[in-house]
Structures are given as structure tokens and as C-alpha cells.
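Beneath this line is the structure, given in C-alpha cells, with notes to follow.
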Number of protein chains: 2
Amino acid sequence: MKYSQATDYALHAMLYLVTAASDKPVGVQLLAEKLGVSQTYLSKMMTKLVKAGLIQSAPGANGGYRLRRKSEDISFLDIIHAIEGTASLFECSFDHGSECLIQQVVIDAERQMEQYLENKKIADLAKTMKTE
Amino acid sequence: MKYSQATDYALHAMLYLVTAASDKPVGVQLLAEKLGVSQTYLSKMMTKLVKAGLIQSAPGANGGYRLRRKSEDISFLDIIHAIEGTASLFECSFDHGSECLIQQVVIDAERQMEQYLENKKIADLAKTMKTE
DNA sequence: TTATTATAGATTTTCAAAGTCGTTAATGGA
DNA sequence: TCCATTAACGACTTTGAAAATCTATAATAA
Ligand code: SF4
Ligand code: SF4
């Protein structure tokens, strides 16, 4: 069980947007170069982040991406959910109804993790981290 | 991000072992039939559970599997780790050392979930659940 | 000895993630 | 009005790990 590499890219891209000056949008070309990934592939993740409402995009000359909300209001969970979706990490083929305790245990465990990730804001990192 | 289906099988198999009478070992043939999966495939997961020390196996006639520990001492996390391994769910290709805060956040979040899963014992389910 | 059962390794199949390619739409500037 | 720039979209290919099968071997009780 692992997060997809796309989530890795998205986290780093968001981190870069936070540390970047907010007056000039950042294009996918620059981001892709920084992260060492192709533009076309990265742009798919950026589009997901846009649709999730975390960033806003502007086409055309001098376009690019910038944060939509304040960095203090963007959590790790927001980013992860935008890329990975919100499906539970345990779904069996049968559906024995809500009385299934196996599913309940895993879902509750997952909630523990999500609460932690929800309280960790991207701004918390930007303070102390060097961008590379 | 999802748990592998193998984990699903392992959880159900363990649950069956708990509810089964402890004097007679349960063979993979019976288990596979109950779970609707092939014997050879299921046996690989059972072997992992054996190597993890959760169950013990006996070959030969009237052989099979039985619990090694008390069901109160077997947690969800034990089973999941036996199948999925203990690798972190976030590992980037670069290694920027221990000062990487991204990894730290995800690892801490994961620990939250694992603590919950560690406290949930398989015996907790056996009490209230019907086997099917 | 023999039927039974777990273990092991090699192999194939399946399927979603990872990545590419070509096109379209929107925007600012010349 | 035209053009260079950049995001968005959909179809497609590649990759790799999980899922599953097949065959052979080892251990054990009867
Ligand atoms: S008991 Fe729960 S996890 Fe198991 S098959 Fe039924 S619904 Fe699925
Ligand atoms: S900052 Fe952390 S997560 Fe990002 S590339 Fe470096 S070690 Fe990996």
C-alpha cells in the first residue's frame, strides 16, 4: 500500500507555489523542470488541484498557477484527496452491509490518519523548509 | 491508495481461524472454499502469516493451520504488516535526509493509523461477528 | 508406504498507474 | 487582427506490481 507518485509530485508542486512570490503565476514548464517530470504529465495533476479548488490557473501569456486559498488553509489531506480521491483503502467485493466490523475498523483507523493530515497545513512546512 | 486484496483474504482467513474450534487444524482447502479464492494463491498468504508468527502450520494428514498466539494478542496491524510489509506509504526517490518534513508528516500520520490498528485485536471481532 | 497437506519457485495474466502525443481553447501582447 | 504562450482535454502506449496459475518438493500421520 503506497501513495501514488502523482501525490508526491503534487505535494512538491504545492510547496513550490507556497514559497514562490504570489504576484507572478508559475507555469507548468518551470514546475516540471524543478521536479524532474514531464510537463504533460504534471499538468494533469495541476488540473486536479485546480478542480479541487486549491489553486487557480490562468491560460495565455504570463499565465500559470497560483494559490487560491491562503497557505494556512491548505492541508496535506486536501492535496492527497485531490490526487488520490477519497475512496476508502479497504473495500471488499461483497457488501455485507453496515454491520461489517472489518470495514468499520479499517475506516476508523483511516480516519485517525486523515485527521492528522487535515491539521497539518502546507504553510507549516514552508516556514522551515529549504526548497530544492 | 488501497490495501491489496491479499490483505482482505488474510483478515478473513484469520477471522475464520479464530471462530473455528482450536483442537482441529484448518486446511487451506477449506479456507479457500469459504473465501472463494484458489488454494494455491491463498496458501501464499497463509505462509506469510506463518512466517510472521501469527499462526502455525502442520503438514501431512490432518494438518493445516491454527493460531499460534491467543486471539487477544493478535492485532489488525499484525495481519496487515504480515501481508503488506512495513514499508512507509510515502517514499520519494530522492533522499534529502532526516530533515525532510514532507516525509515526516506522512510518517507521523501513518503512525496514528497504525496505533489504532495495533489496539484492535482480532478477538474483538470474533465476539460480535457472524462468520459467513 | 501412501495419501494428505504445506512450501517453494517459476510462470502467466490482469489491470491500474505512469507517461506520451496531438489537439483545442483561452489570454495577453504586438 | 494576428501571434506566441499556456492550460485543458482525450486518446493512446508503456510499465510494473498485484493477482493468479502451474508444477514440483518436503513433511507428516495413518
Ligand atoms: S465481512 Fe465485511 S469485509 Fe468481509 S466480505 Fe463481508 S462486508 Fe466484506
Ligand atoms: S524534500 Fe523530502 S520528499 Fe521531497 S524529494 Fe527531498 S526527501 Fe523526498
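Lettering of chains follows the sequences in order, A, B, ..., and the numbering in each one begins at 1.
- A donor-acceptor pair is defined here as one N or O able to donate and one able to accept, closer than 3.5 Å; no such pair exists between the side chain of A/Glu110 and the backbone of A/Ser88.
- Residue A/Leu89 contributes atom CG, which lies 17 Å from atom P of C/dA16 at whole-angstrom precision.
- For the pair B/Asp78 and B/Arg69, the salt-bridge criterion is met [side-chain N within less than 4.0 Å of a carboxylate O].
- Over its full length, the helix from C/dT1-D/dA30 to C/dA30-D/dT1 turns its helical axis through 10°, comparing axes from the five pairs at each end and rounding to 10°.
- Counting only distance, with no hydrogens or angles, the side chain of A/Asp108 and the backbone of A/Val105 share no donor-acceptor pair below 3.5 Å.
- The backbone N or O of A/Tyr3 sits nowhere less than 3.5 Å from a side-chain atom of A/Thr7 that would complete a donor-acceptor pair.
- A heavy-atom distance below 4.5 Å is found between the side chains of B/Ser4 and B/Glu84.
- Between the P atom of C/dT27 and the NZ atom of A/Lys24 lies a distance of 17 Å, rounded to the nearest Å.
- Whole-Å rounding puts the B/Tyr65 OH to C/dT4 P distance at 17 Å.
- Atom CD1 of A/Ile83 is separated from atom C1' of C/dG19 by 15 Å (rounded to the nearest Å).
- Surrounding NZ of A/Lys121 are more than 12 heavy atoms belonging to other residues, nucleotides or ligands, all under 6.0 Å away.
- Rounding to whole angstrom units, CE of residue A/Met46 and P of C/dG19 are separated by 16 Å.
- Note: NZ (B/Lys48) to P (C/dA6) measures 18 Å, nearest angstrom.
- Under 3.5 Å, the side chains of A/Glu118 and A/Ser75 contain no donor-acceptor pair of N or O atoms.
- At most 12 non-hydrogen atoms from other residues, nucleotides or ligands lie less than 6.0 angstrom from NZ of A/Lys51.
- The environment of CD in B/Gln56 is crowded: more than 12 heavy-atom neighbours from other residues, nucleotides or ligands sit within 6.0 Å.
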If you restrict it to nitrogen or oxygen atoms, what contacts under 3.5 Å exist between nucleotides 17-22 of chain D and the protein, and what is each distance?
{"residue": "D/dA19", "atom": "OP1", "partner": "B/Gln5", "partner atom": "N", "Å": "2.6"}
{"residue": "D/dT21", "atom": "OP2", "partner": "B/Ser38", "partner atom": "OG", "Å": "2.8"}
{"residue": "D/dT21", "atom": "O4", "partner": "B/Lys44", "partner atom": "NZ", "Å": "3.1"}

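- Atom CZ of A/Arg66 and atom C1' of C/dT27 are 14 Å apart (whole Å).
- Across the protein-nucleic acid pair, A/Leu42 atom CG and D/dC9 atom P stand 15 Å apart, rounded to whole Å.
- Side-chain N/O atoms of B/Thr47 include one lying less than 4.0 angstrom from OP1 or OP2 on C/dT7.
- Without hydrogens or angle criteria, B/Gln103 side chain to B/Glu91 main chain gives no donor-acceptor distance under 3.5 Å.
- Side-chain contact between A/Arg66 and A/Lys24 is absent, with no heavy atoms from C-beta onward closer than 4.5 Å.
- For residues 50-61 of chain B, proximity to DNA chain D is found at B/Pro59, B/Gly60, B/Ala61, defined as any non-hydrogen atom under 4.0 angstrom from a strand atom.
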